[in-house]
Novice: 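Can you keep this structure in mind? I'll have questions shortly.
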Amino acid sequence: MKKVVKFGGSSLADANQFRKVAEIIRADEMRVFVVPSAPGKRNSSDTKVTDLLYQCYDMAAKGNDFSVPFSAVKERYGEIISGLGLNLSLSGAFEEIESSLRDSPEKDYTASRGEYLNGLIMAEFLGYEFIDSADVIFFDENGNFDGAKTYPILAERLKGSKGAVIPGFYGSSPDGRVKTFSRGGSDITGSIIARACRACTYENWTDVSGLLMTDPHIVPNPARIESITYRELRELAYMGASVMHEDAIFPVKSANIPINIRNTNRPEDSGTWIVGNTARRSKFTITGIAGRKDFCAITIAKDLMHSQADFYRKVAQCFEENNIPLEHLPSGIDTLTVIVQESKFIEHEQDVLSRIAKFVEPESVEVEAGIALIAVVGRSMKSQTGTAAKIFKALADERINVRMIDQGASELNIIVGVLNPDFEDAVKAIYNAFVN
Ligand code: ASP
C-alpha cells in the first residue's frame, strides 16, 4: 500500500518546514511518493517563489533587468540548502534558468522552476530519487491534461520506485516544452500521481487542519469537517469554499482514492477526509455552508406557461445566445425565476430581456440584482426530517427575508437566496442553528 503526500508552499517555506515535512514522511513507510510545491510565504509580507519567478519572466519578456527577483529566488533556495546542511549545488540549474530568461523567456518554464528546484532539494534531503514531471506528465495540443498518455508512462516509471519526489504544477506539451497547470496546480499533480500508483490515500498537507464548516471570516472558529464526500465538496467548492485546486478531485475520484487534508504544523490532527462514499454521518446533519454574493434573479410571469412544451427551451435560449449559464430555475405555477451570475448578465441584460419579450411573450418580467446564494450541504439531510424547517426558522428568527429556495434532486443541498447585505447574518444564523 502506498500513499502520495503533497506539501503546499507554506509547508516548504524554509529549512525548518522542510524538517517537519521529512519527519512526517519518515513516520509512515507508506509515504513513498512526495509532491512538493514551490516555497511559499514565510510570513504575511513575504513573496512566494512562484510569484518571484513570474516577476522574473515579466521583466525578461520586456527585455528588462530581472536580477532583483532572480537574486531573491536564489537566496530563498540558498537558505533552505544551508539550513538543512546539505551538500547540494543548484548553480547549474540557476544558470540554465538565467540563460533561458535572457535568450528566450518562457512563462510556464520559468514558473515551473519553483517546484523543480524544491523537488531537487527534497529528494536530496530524503534520499529519494528525483523524477522530473516533464518526463511523466503530459498535456495535449489544446493544453489540456492528457491522461491517456500520462497514466501508462507514469505508472510504469513509479512501479519499481522505493521512494520518489515528483515536483508539482507542471508537465510537458507535445512539442516538449514545459507547461504548467493553473495556479495552485500542485494539488492536481498529487492527485494524478495517486491515481497512477493506485495509492491507498492521497495526503494533501497544508497549513490548516482540514476543511472548515464555513468561512472563518464570517463565523469565528467554525467546526472542522471530519469527512466529506467528493460530491458534497463539489457543491461547497462551487459556492466558494476553497482548500484545494478544484480540478484535483477528478483523478482520484474516478479511482475512488480518498484525500486526507492534513496540517504540517499539527500532524497530530486527523484532518479532513474527502471520500467517494461513507457510512459516517456528518456530526451536525449538515456538512458545510458556503455561499456567494452577486447573483441576479429574472422572474418571468406567463399564464399557463406549464402547458407550453417549448416554454423552458425558449427562455433558456435567450440566455444561451448570450453565453450566460443558468445557475438555478425555481418556478411557480405561472412564474419562472432564472438565477444567473450578475457579472455575466449585466453586460447582455438588454439583449436577454428583448429576446424574452419577443420569443416568450410574457405577462411581465422582473429583474432583481444583488442576490446572495447560500448552499447548505449535507449527505445526512436525506435521512433526516426538519432540515429545511430548521434553516428557515433560523433565517426567520433573524428577520432575514428569503428570496429564493432550491433543493437539489439529490437531497444533498438546499440553496437559499437572500439579499447581499443579509448574506453574512444568514450564514451565521444557519451555522448556529445546526452547530451551537
Ligand atoms: N507554486 C504554484 C502556485 O503558487 C503551484 C502550487 O503551489 O500548487 O500557484
Side-chain angles (χ1 to χ4, degrees), residues 4-14 17-18 20-21 33-58 69-70 72-77 80 90 93 97 101 106-123 130-134 136-137 139 143-145 150 165-173 178-195 202-208 211 237 241-252 259-265 274:
V4 171
V5 285
K6 179 261 169 181
F7 290 90
S10 57
S11 301
L12 297 166
D14 58 23
Q17 291 297 90
F18 262 75
K20 289 187 196 168
V21 164
F33 297 126
V34 182
V35 177
S37 278
K41 292 182 179 192
R42 292 161 293 187
N43 52 60
S44 56
S45 55
D46 203 7
T47 310
K48 284 176 164 197
V49 163
T50 308
D51 290 318
L52 290 170
L53 289 164
Y54 279 122
Q55 283 175 24
C56 293
Y57 166 78
D58 285 342
F70 196 62
V73 171
K74 291 206 276 195
E75 221 169 274
R76 292 288 307 263
Y77 289 106
I80 295 172
L90 294 180
I97 302 168
L101 280 166
E106 282 183 38
K107 190 171 183 180
D108 283 16
Y109 168 79
T110 309
S112 74
R113 298 303 88 183
E115 273 67 13
Y116 172 81
L117 297 168
N118 235 14
L120 291 175
I121 300 174
M122 181 59 90
F130 175 83
I131 298 177
D132 190 347
S133 303
V136 287
I137 292 187
F139 293 86
N144 298 316
F145 168 64
T150 298
V165 176
I166 311 106
F169 195 37
Y170 70 93
S172 56
S173 298
V178 165
K179 176 164 172 52
T180 62
F181 291 104
S182 56
R183 293 299 305 263
S186 298
D187 287 334
I188 309 174
T189 310
S191 186
I192 292 168
I193 306 284
R195 172 158 167 186
Y202 169 27
E203 290 181 347
N204 191 303
W205 292 81
T206 171
D207 54 4
V208 289
L211 259 107
S242 75
V243 68
M244 265 195 337
H245 195 296
E246 255 198 285
D247 296 346
I249 298 199
F250 301 109
V252 284
I259 305 171
N260 188 197
I261 309 280
R262 299 286 291 268
N263 187 347
T264 301
N265 304 316
I274 304 168

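Ligands are counted one by one from 1 in listed order, and the atoms in each one are counted from 1 as well.
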Novice: Taking ring pair (Phe, Tyr, Trp, His ring centres under 6.0 Å) as the definition, give me every residue that meets it alongside Tyr116, ordered by chain and number, with sequence neighbours left out.
Specialist: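 Tyr116 satisfies ring pair (Phe, Tyr, Trp, His ring centres under 6.0 Å) with Phe130 once adjacent residues are dropped.
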Novice: Answer yes or no: is there an ion pair linking Arg183 with Asp51, defined by an N-O contact shorter than 4.0 Å?
Specialist: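 Yes, this pair counts.
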Novice: Taking ring pair (Phe, Tyr, Trp, His ring centres under 6.0 Å) as the definition, give me every residue that meets it alongside Phe33, ordered by chain and number, with sequence neighbours left out.
Specialist: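 With sequence neighbours excluded, Phe33 shows a ring pair (Phe, Tyr, Trp, His ring centres under 6.0 Å) to no residue whatsoever.
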Novice: Once ring pair (Phe, Tyr, Trp, His ring centres under 6.0 Å) is applied, do any residues pair with Phe139, and if so which ones, sequence neighbours excluded?
Specialist: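 Only Phe181 meet the ring pair (Phe, Tyr, Trp, His ring centres under 6.0 Å) criterion with Phe139.
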Novice: Just to be sure I understand the cut-off, which residues have at least one non-hydrogen atom under 4.0 angstrom from an atom of ligand 1?
Specialist: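 Around ligand 1, where the cutoff is 4.0 Å for heavy atoms, the contacting residues are Ser37, Lys48, Thr50, Glu115, Phe169, Arg183, Gly184, Gly185, Ser186.
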Novice: Do Tyr170 and Asp132 pair up side chain to side chain, a donor and an acceptor below 3.5 Å, judged on atom types alone?
Specialist: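 Yes, because at least one side-chain N or O of Tyr170 sits under 3.5 Å from a partner of the opposite role on Asp132.
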Novice: Do the side-chain N and O atoms of Asp207 and Asn263 include a donor-acceptor pair separated by under 3.5 angstrom?
Specialist: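 The criterion, which ignores hydrogens and geometry beyond distance, is not satisfied for Asn263 and Asp207.
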